[in-house]
Amino acid sequence: MKKRITSALNHAGQDTTHYLSAHLRQEAAESGWPSHVVNTLRVEHKDGSFSATVHDNHLAEALDYEYGTPSMRPTAAIRRASNRTREAEHFYVNRLMKHLGVK
């Protein structure tokens, strides 16, 4: 039983990272971020929490878009995407129930 629950938790986490990654990339693209940065944005699930990541080669540029520069206003795409906690929780719970065979 413990193995089944652990497996369901892992699968639900993976499903949710794919879902959140797609929404994060959509938010960044709609905010005007360049595609070479958008395409490297991901959400990862580690130690029970989700976090946004970007490829190291594009980190400085992503931070400029997220927080702005003296000559560019911030777009906060990552922060806006990460504020959708209710939506993410709902998706995660539904996927967990599916993997447990409850729903």
Side-chain angles (χ1 to χ4, degrees):
M1 180 68 150
K2 182 179 177 182
K3 190 175 184 178
R4 180 175 171 236
I5 293 170
T6 301
S7 176
L9 287 167
N10 287 335
H11 282 96
Q14 290 172 356
D15 293 347
T16 305
T17 62
H18 294 294
Y19 172 78
L20 294 174
S21 292
H23 282 275
L24 172 60
R25 287 189 297 271
Q26 180 182 357
E27 185 73 49
E30 289 174 359
S31 295
W33 291 35
S35 62
H36 68 275
V37 177
V38 170
N39 293 337
T40 68
L41 289 168
R42 302 275 182 276
V43 173
E44 295 181 350
H45 183 240
K46 288 184 184 176
D47 300 324
S49 58
F50 295 93
S51 59
T53 66
V54 64
H55 191 278
D56 289 344
N57 292 346
H58 304 298
L59 179 58
E61 192 173 4
L63 290 172
D64 287 347
Y65 278 95
E66 181 70 14
Y67 296 102
T69 67
S71 61
M72 180 175 69
R73 69 175 187 80
T75 59
I78 295 171
R79 289 174 285 169
R80 275 197 312 275
S82 67
N83 283 334
R84 293 190 179 121
T85 56
R86 182 172 294 166
E87 185 179 322
E89 284 176 10
H90 182 72
F91 185 86
Y92 181 80
V93 169
N94 282 336
R95 298 307 293 181
L96 179 59
M97 299 303 238
K98 177 186 179 279
H99 289 294
L100 287 171
V102 175
K103 226 175 186 180

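No side-chain donor-acceptor contact under 3.5 Å links R80 and T75.
Judged as a salt bridge (charged side-chain N to carboxylate O under 4.0 Å, His left out), and not counting sequence neighbours, the contacts of E44 are K46. Considering only residues two or more places apart in sequence or on other chains, R84 meets the side chain to side chain donor-acceptor pair (under 3.5 Å) condition with E27. Considering only residues two or more places apart in sequence or on other chains, E30 meets the side chain to side chain donor-acceptor pair (under 3.5 Å) condition with Q26.
The side-chain contact (heavy atoms from CB on, under 4.5 Å) test with H58 is passed by exactly one of L41, N39, T40: T40.
E66 approaches I78 most closely through the heavy-atom pair OE1-N, 2.7 Å. Closest approach of L100 to A8, counting heavy atoms only: CD2-CB, 3.5 Å. The shortest heavy-atom contact between A77 and A28 is CB-CA, 3.6 Å. Across every non-hydrogen atom of E61 and P34, the tightest pair is OE2-CG, 3.5 Å.
H11 contributes a side-chain N or O that, together with a main-chain N or O of S7, makes up a donor-acceptor pair within less than 3.5 Å. Between the side chain of S21 and the main chain of T17, a donor-acceptor pair closer than 3.5 Å is present.
One distance of note links OG1 of T69 with CG of L63; it measures 12.0 Å at 0.5 Å rounding. To the nearest 0.5 angstrom, R79 atom CZ is 9.0 Å from N83 atom CG. One distance of note links OG1 of T16 with CD of E87; it measures 11.0 Å at 0.5 Å rounding. We find the CZ-OH distance between F50 and Y92 to be 6.0 Å, quoted to the nearest 0.5 Å. Separating the OH atom in Y19 from the CG atom in L24 is a distance of 12.5 Å, to the nearest 0.5 Å. Distance CZ/R95 to CG/D15: 4.0 Å, rounded to 0.5 Å.
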field: Intermediate values then yes/no, side-chain contact (heavy atoms from CB on, under 4.5 Å), H55 and R42
entry: CA-CA 9 Å; H55 191 278; R42 302 275 182 276; over 6 Å; no
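In this structure, the side chains of V54 and V37 come closer than 4.5 Å at one or more pairs of heavy atoms.
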